[in-house]
K.L.:
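Take this structure, written in structure tokens, and hold onto it; I'll ask about it next.
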2 protein chains.
Amino acid sequence: MNVGKAVTLGDVASVAGVSLSTASRALSGGGRISEETRQRVKDASDRLGFQPNALARSFALGRSQTIGVLTQNASGVFTAPVLIGATMELGRNNQALLIRDARFDAATLTENVARLQARRIDGVVMIGDGLSYSVPSVTSLFRVPVTYAFGLTSERDDVSFNPDAEMAGRLAAEHLMDTGRRRIAHITASLDDPAARGRAKGFGDAMAERGLSPVGERPLAGDWTFGWGVEAAARLLASGTEVDAVFCGNDQIAFGAESAIRAAGLEVPRDIALVGVDNWEAMVTEGAARLTSIDPCLQDVGAAAARALLSTDGVLPGVNLVPCRLIVRSSTTS
Amino acid sequence: MNVGKAVTLGDVASVAGVSLSTASRALSGGGRISEETRQRVKDASDRLGFQPNALARSFALGRSQTIGVLTQNASGVFTAPVLIGATMELGRNNQALLIRDARFDAATLTENVARLQARRIDGVVMIGDGLSYSVPSVTSLFRVPVTYAFGLTSERDDVSFNPDAEMAGRLAAEHLMDTGRRRIAHITASLDDPAARGRAKGFGDAMAERGLSPVGERPLAGDWTFGWGVEAAARLLASGTEVDAVFCGNDQIAFGAESAIRAAGLEVPRDIALVGVDNWEAMVTEGAARLTSIDPCLQDVGAAAARALLSTDGVLPGVNLVPCRLIVRSSTTS
DNA sequence: TCGCGGTGCGCAATCGCTTGCTCGAATCGC
DNA sequence: GCGATTCGAGCAAGCGATTGCGCACCGCGA
């Protein structure tokens, strides 16, 4: 018996007075084993403080308990939470991960794939950059399952997880209507942006369902900046249109809008309520009114993609939408 | 020979007409091998596209090529970049990582340590929460090296990596003096906070070295918020003290200060230049003047801690300070 | 010519665990 | 009561690499 070294399954077996294979089966659950023997082995295992050598196990099984993670832009403001969500979910399930930056020139790609294959990874999570929502499909390069987070591929059957943009719009609209607002405008980025489009649609749909319609024929579409928020809100106020709430496509726009509203001598939320999207700590807690915002739950997006690799139960091919969450603060309720 | 399966070292050996052991030595560099044989094996390896099974290799070597990562608060605004920095650095070096949330109740700790040990990890990076800068020492729990990022332990010899707060203060002061400012005030959080204290010290030292001293006897110490920035700046202006620049302890304070300065009818940077700390995307690019800020390079902090595990060259026990970087924007130069 | 040291390479053990197959014993059915 | 099942457990073969040891062969000096 080993002394001073890690205790192996062999030690457990000999203490329990059974063979190695029996000990293995007793602990891992498989095979036909009498309850009594199983218990005896378990006792021995506990008594010796047996820690199975995960490395050896992985080796024998041919599975590494390791998931490959390919990122396009790991340090991006939006992608970081996705990465972290995936990371933590894998950690919780005792999966190691091997991260590689997925630069997509052919040589690097080959190299990345080879490295992952060499580690006999059990699956791959590909994390998009969340901007274009467009990600190259790498599914066919691997023999193991691949899921995508925060991006769409051109392959219809690729399993991807993305924030539910329409839901964000709905939540915002419903919350504003619930708090008594009726004249709601929408300031957002260009509708060429899928996220902006989705939010606008959910917003419009939710209002329509209650027989209302947004202020203005179309959303005020510009870009995602503070500056655009200022400009659009100012324009809106100057037009004389009656408005009692603005749904802003993101927090920066909302922050800009707030600034314009205050500059016009109005108050948030008394005169105009504001809802943003992104729930961006740095923004939402600053400013005079703390901003009600839709949290896209990006960590959940990453976590969902990771989870889909660990258990395929209930995972459908195609695009899966991850729900977002409304965080109410003082920009909509006094 | 295997068909349709991954090619093994055995395949390479038989193609090269040598034994397994010779092939191994030829590829891994050790042992006495004639140059000719080595070349023959390498050719065969290339021709077959041999990818060594990293899992088997790890197993045989007893090293897993996996690093354990313990986090205290993975999703924190400040800790996330540190985690990502460590993560990416490990990925670049083909180290897998196994993340566990380091809750420090006894049971969870034991469990975490056991899980990591079971995977035969080669090292541990412990990532602090960056707030208290105080992290429990876990070095003695592992037989493998442990480094700390973004936190300090009570053990003098623990290898830790932290942002260089004094340098942040120095960089700010020097930049402001370089651009002609002389009457520089400092608005920051409570000096009980080590980061605030360090920045204030570096700031004061750098000014003293040029025969100047900060405006006011002591920094205006409050908290890290926008609100405090507004208040402190307003107070400063109201006091009538001559001021041509303010070094703010973080970006939120700076953003608040800018707001107060503009409210007083002054202009940034014409009348008063502003420097923040954190280089927080969400803040620095908004507002009228884009904010000059000190980037604490948190990713570098994580990366440094990771790197110290991979190669101990030049790593000193104790606290290692990671340099920060000045990012010049329009709040200090017109 | 013999002996010796050094060089190049292969044999076989090893790492710790999983698993297909086999075998003995106990149980069951007729 | 005896053959047919079934159940429990062990044997031994992998998994794919690394590595200590020994063997054959070479060249050189005596």
Side-chain angles (χ1 to χ4, degrees), chain A residues 1-42 44-45 48-66 94 117-122, chain B residues 1-42 44-45 48-66 94 117-122:
Chain A
M1 171 156 359
N2 284 320
V3 178
K5 301 185 57 181
V7 0
T8 74
L9 186 58
D11 299 334
V12 174
S14 71
V15 165
V18 297
S19 75
L20 239 147
S21 38
T22 302
S24 169
R25 281 188 264 255
L27 294 179
S28 64
R32 296 181 302 204
I33 296 270
S34 70
E35 193 47 45
E36 185 216 328
T37 309
R38 182 186 306 275
Q39 203 42 251
R40 194 145 42 89
V41 173
K42 282 195 170 151
S45 161
L48 270 60
F50 170 63
Q51 292 290 344
N53 181 335
L55 217 50
R57 175 168 215 279
S58 298
F59 177 47
L61 259 50
R63 278 177 287 116
S64 57
Q65 309 239 80
T66 298
N94 286 308
Q117 303 277 28
R119 292 286 288 243
R120 302 295 190 269
I121 46 156
D122 302 332
Chain B
M1 171 153 3
N2 284 320
V3 177
K5 300 185 56 178
V7 0
T8 74
L9 186 58
D11 299 334
V12 174
S14 71
V15 165
V18 298
S19 74
L20 239 146
S21 38
T22 302
S24 169
R25 281 187 265 255
L27 294 179
S28 63
R32 298 178 303 206
I33 296 271
S34 71
E35 193 47 46
E36 186 216 327
T37 309
R38 183 186 306 276
Q39 203 42 250
R40 196 147 38 91
V41 173
K42 282 196 171 149
S45 161
L48 271 59
F50 170 62
Q51 291 290 346
N53 180 335
L55 216 50
R57 176 169 215 279
S58 298
F59 177 50
L61 260 50
R63 279 177 287 113
S64 58
Q65 309 240 78
T66 299
N94 286 309
Q117 303 276 29
R119 293 285 286 243
R120 301 296 189 268
I121 47 158
D122 301 333

K.L.:
Between B:Arg25 (CZ) and C:dT7 (P), how many Å, whole number?
P.N.:
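So the CZ-P distance, B:Arg25 to C:dT7, works out to 15 Å.
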K.L.:
CD of B:Gln51 to CZ of A:Arg120: how many Å apart, nearest 0.5 Å?
P.N.:
8.5 Å
K.L.:
Assign B:Leu55 to base, sugar-phosphate, or nothing according to its heavy-atom contacts below 4.0 angstrom with the strands shown.
P.N.:
nothing
K.L.:
Write down the distance between CZ (A:Arg63) and P (D:dC15), rounded to a whole number of angstrom.
P.N.:
16 Å
K.L.:
Return no unless some side-chain N or O of B:Ser24 is found under 4.0 Å from OP1 or OP2 of D:dT18.
P.N.:
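Looking at the OP1 and OP2 atoms of D:dT18, one of them is under 4.0 Å from a side-chain N or O of B:Ser24.
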K.L.:
For DNA chain C, whose closest nucleotide is more 5', that of B:Ala56 or that of B:Thr37?
P.N.:
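The residue mapped nearer the 5' terminus is B:Thr37.
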K.L.:
Where each residue is assigned the nucleotide of DNA chain D containing its nearest heavy atom, which of A:Ser21 and B:Gly10 is assigned the position nearer the 5′ end?
P.N.:
A:Ser21
K.L.:
Examine C:dC9: is either OP1 or OP2 under 4.0 Å from a nitrogen or oxygen in the side chain of B:Ser34? Give yes or no.
P.N.:
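The answer is yes; a side-chain N or O of B:Ser34 sits under 4.0 Å from OP1 or OP2.
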K.L.:
Within less than 4.0 Å of OP1 or OP2 of C:dG10, is there a side-chain N or O belonging to B:Ser19?
P.N.:
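Yes, such a contact exists.
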K.L.:
Output yes when at least one side-chain N/O atom of A:Arg32 is less than 4.0 Å from OP1 or OP2 of D:dA9, else no.
P.N.:
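So the side chain of A:Arg32 is outside the cut-off, no N or O lying under 4.0 Å from OP1 or OP2 of D:dA9.
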K.L.:
Can you check whether B:Thr8 has a side-chain N or O nearer than 4.0 Å to OP1 or OP2 of D:dG16?
P.N.:
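For D:dG16, neither OP1 nor OP2 has a side-chain N or O of B:Thr8 closer than 4.0 Å.
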K.L.:
Atom CZ of B:Phe59 and atom C1' of D:dT19: how far apart are they, to the nearest Å?
P.N.:
15 Å
K.L.:
Hey, is the main chain of B:Ala16 close enough, under 3.5 Å, to the side chain of B:Arg40 for a donor-acceptor pair?
P.N.:
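Present.
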K.L.:
In whole angstroms, how far is the P atom of D:dC15 from the CG atom of A:Asn53?
P.N.:
19 Å
K.L.:
With respect to the side chain of B:Thr22, which nucleotide from D:dG16, C:dT18, C:dC9 is positioned closest?
P.N.:
C:dC9
K.L.:
To the nearest Å, give me how far apart CG (B:Leu27) and P (D:dA17) are.
P.N.:
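One finds 10 Å between P of D:dA17 and CG of B:Leu27, rounded.
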K.L.:
Determine yes or no for a side-chain-to-main-chain donor-acceptor pair under 3.5 angstrom, with B:Ser45 supplying the side chain and B:Phe50 the backbone.
P.N.:
no
K.L.:
Look at the side chain of B:Arg38 and the backbone N and O of B:Ala26, then say whether any donor-acceptor pair between them is shorter than 3.5 Å.
P.N.:
yes
K.L.:
Can you tell me how far P of D:dG10 sits from CG of A:Leu9, to the nearest Å?
P.N.:
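In whole Å, D:dG10 P and A:Leu9 CG are 12 Å from each other.
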K.L.:
Report the distance from atom CG of A:Asp11 to atom P of C:dG16, rounded to the nearest whole Å.
P.N.:
9 Å
K.L.:
Ignoring hydrogens and angles, tell me if any N or O in the side chain of B:Arg119 forms a donor-acceptor pair with the backbone of A:Asn94 under 3.5 Å.
P.N.:
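Checking the backbone N and O of A:Asn94 against the side chain of B:Arg119, a donor-acceptor pair under 3.5 Å is found.
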K.L.:
Grab the CD-C1' distance between A:Glu35 and D:dC7 for me, whole Å please.
P.N.:
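Roughly 14 Å, once rounded to whole Å.
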K.L.:
Does the side chain of B:Arg57 get closer than 4.0 angstrom to OP1 or OP2 of D:dT18 through an N or O atom?
P.N.:
yes
K.L.:
Can you say whether a donor on the side chain of B:Arg120 sits under 3.5 Å from an acceptor on the base of C:dG16, or the other way round?
P.N.:
no
